[in-house]
Amino acid sequence: KTKIAASHEHAYTLEEVADMMEKLPEPARTICTLAAFTGLSRSELRGLKWEDYNGDSIKVQRKVVGKFIGAPKTDAREGDIHIIPPVRKMLAKYKIDFPPFGDGWIFRGIKGGPLNLDDVSRRTIPHHINGAWFGWHSFRRGLGTRLNEAGVDDKDIQMVLRHADVSTTMAYYVKPNQEAAKRGLKKLSDAMQ
């Protein structure tokens, strides 16, 4: 119960993501990296097809939940997602190692359909990162929090995470940082003096 409660609040750090990138086998490595640097949700990751990726950005066209394939959660979720150069390189290598076939799912199972990410998160990931797994949504919270710490404007973080309302972004996807708060108070103190 404690682990489940923690998973609802955890935001992966860059160190945790780097550890996953180093230790995970494919396809978990590429899936986690894409989640960490795009903010794609589990259902959006499952719904990706190669036709959605133009080498520079991903256009979210669908989500896959269980056997259901449907439209993204909201209109805001249909936005283009810019892919940073290191992730582009990883996707290019992944495409060579796991060439498209069938319906063109980027992350496909043995029979060619969308890969079951619940299986990946239960059977593969925890075993390679010593059980330090807090779930797929921790990547979205991690991205929002890291962007905030880097000084990215709230509205821009909202756009990256594709939320309809910035209040959702700030309330649930940007986690407080005690050290940043202390630095902010020190700046205020210095300005007052």
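Here, residue 1 is the first one in the sequence, and each next residue gets the next number. Basis for what follows: all heavy atoms, side chains included, without hydrogens, waters or symmetry-related copies.
- Contact between A11 and K175 at its shortest, heavy atoms only, is CB-CG, 3.9 Å.
- No more than 12 heavy atoms of other residues, nucleotides or ligands lie within 6.0 Å of OH in Y172, so this atom counts as exposed by the packing criterion.
- Residues R77 and L161 approach most closely at NE-O, 3.9 Å, considering heavy atoms.
- Not a single donor-acceptor pair under 3.5 Å links the side chain of R88 to the backbone N or O of S57.
- Under the 3.5 Å distance criterion, with hydrogens and angles disregarded, no donor-acceptor pair is assigned to the side chains of H128 and R29.
- Interatomic distance, D103 CG to I69 CD1, rounded to the nearest 0.5 Å: 7.5 Å.
- Rounding to the nearest 0.5 Å places CG of L147 at 13.0 Å from CD of Q158.
- For the pair R141 and Y173, the cation does not sit on the ring face, since its NZ or CZ is not both under 6.0 Å from the ring centre and inside 45° of the axis.
- Across every non-hydrogen atom of A28 and V120, the tightest pair is CB-CG1, 3.8 Å.
- Environment of NZ in K49: crowded, with over 12 heavy atoms of neighbouring residues, nucleotides or ligands closer than 6.0 Å.
- Shown here are the side chain to side chain contact (heavy atoms under 4.5 Å, CB included) partners of D97, two or more places apart in sequence or in another chain: K93.
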Item to check | Working for side chain to side chain contact (heavy atoms under 4.5 Å, CB included), residues L45 and V64 | outcome: CA-CA 8 Å; L45 288 162; V64 177; over 6 Å; no
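- The two residues I157 and V152 make their nearest non-hydrogen contact at CD1-O, 3.6 Å.
- Here OG1 of T124 is found 8.5 Å from CG of L24. Values are rounded to the nearest 0.5 Å.
- Listed by first then second residue, pairs satisfying salt bridge (Lys or Arg N to Asp or Glu O under 4.0 Å) with a partner in residues 154-169 read E44-R162, not counting sequence neighbours.
- No continuous path of ILVMFWY side-chain contacts below 4.5 Å connects F68 to V60, so the two sit in separate hydrophobic clusters.
- M21 and F98 fall within the same hydrophobic cluster, where Ile, Leu, Val, Met, Phe, Trp and Tyr residues are linked whenever their side-chain heavy atoms come under 4.5 Å apart, directly or through other members.
- Side-chain contact between S41 and K63 is absent, with no heavy atoms from C-beta onward closer than 4.5 Å.
- At distances below 3.5 Å, not a single donor-acceptor pair connects side-chain atoms of E22 with backbone N or O atoms of D19.
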Checklist entry - Can you list the steps and then say if I58 with L48 is a side chain to side chain contact (heavy atoms under 4.5 Å, CB included)? => result CA-CA 9 Å; I58 289 174; L48 289 178; 3.5 Å; yes
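- In terms of hydrophobic clustering, with Ile, Leu, Val, Met, Phe, Trp and Tyr side chains grouped at heavy-atom distances under 4.5 Å, L14 and V160 are assigned to different clusters.
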Checklist entry - Which is it for L34 and L91 under the side chain to side chain contact (heavy atoms under 4.5 Å, CB included) test, yes or no, and what are the steps along the way? => result CA-CA 9 Å; L34 197 58; L91 280 171; 4.1 Å; yes
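- Test F37, Y12, F139 against C32 for side chain to side chain contact (heavy atoms under 4.5 Å, CB included) and you get one pass: F139.
- I31 and L40 fall within the same hydrophobic cluster, defined by Ile, Leu, Val, Met, Phe, Trp and Tyr side-chain heavy atoms under 4.5 Å apart, directly or through other members.
- In the model, T30 has a side-chain atom that pairs as donor or acceptor with a side-chain atom of E26 under 3.5 Å.
- Note that CE of M20 and CD of E16 are 6.0 Å apart. Values are rounded to the nearest 0.5 Å.
- With hydrogens and angles disregarded, no donor-acceptor distance shorter than 3.5 Å links the side chain of S43 to the backbone of V65.
- Residues S138 and F134 come closest through the heavy atom pair OG-O, 3.1 Å.
- Residues W50 and V87 share a single hydrophobic cluster, defined by chaining ILVMFWY side chains whose heavy atoms lie under 4.5 Å apart.
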Review item, side-chain donor-acceptor pairs of residues 104-117, under 3.5 Å, at least two apart:
from, atom 1, to, atom 2, distance (Å)
R108, NH2, P99, O, 2.7
N116, OD1, D118, N, 2.9
N116, OD1, D119, N, 3.3

Next on the checklist: Could you walk me through whether V17 and T33 satisfy the side chain to side chain contact (heavy atoms under 4.5 Å, CB included) test, starting with their C-alpha distance in whole Å, then the side-chain angles of each, then the deciding distance to 0.1 Å, before giving a yes or no?
Outcome noted: CA-CA 7 Å; V17 171; T33 301; 5.5 Å; no
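- Atoms CE and CD1, on M159 and I81 in that order, are 11.0 Å from each other to the nearest 0.5 Å.
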Item to check | H163 and T169: CA distance, side-chain angles, deciding distance, side-chain hydrogen bond (donor to acceptor under 3.5 Å, both in side chains) verdict | outcome: CA-CA 7 Å; H163 287 136; T169 306; 2.7 Å; yes
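- For K23, the NZ atom sits in a packed shell: over 12 heavy atoms of surrounding residues, nucleotides or ligands are nearer than 6.0 Å.
- A pairwise comparison of heavy atoms in M170 and N148 identifies CE-ND2, 3.9 Å as the closest pair.
- In terms of modelled atom types and a separation under 3.5 Å, the side chain of R62 and the main chain of A71 share no donor-acceptor contact.
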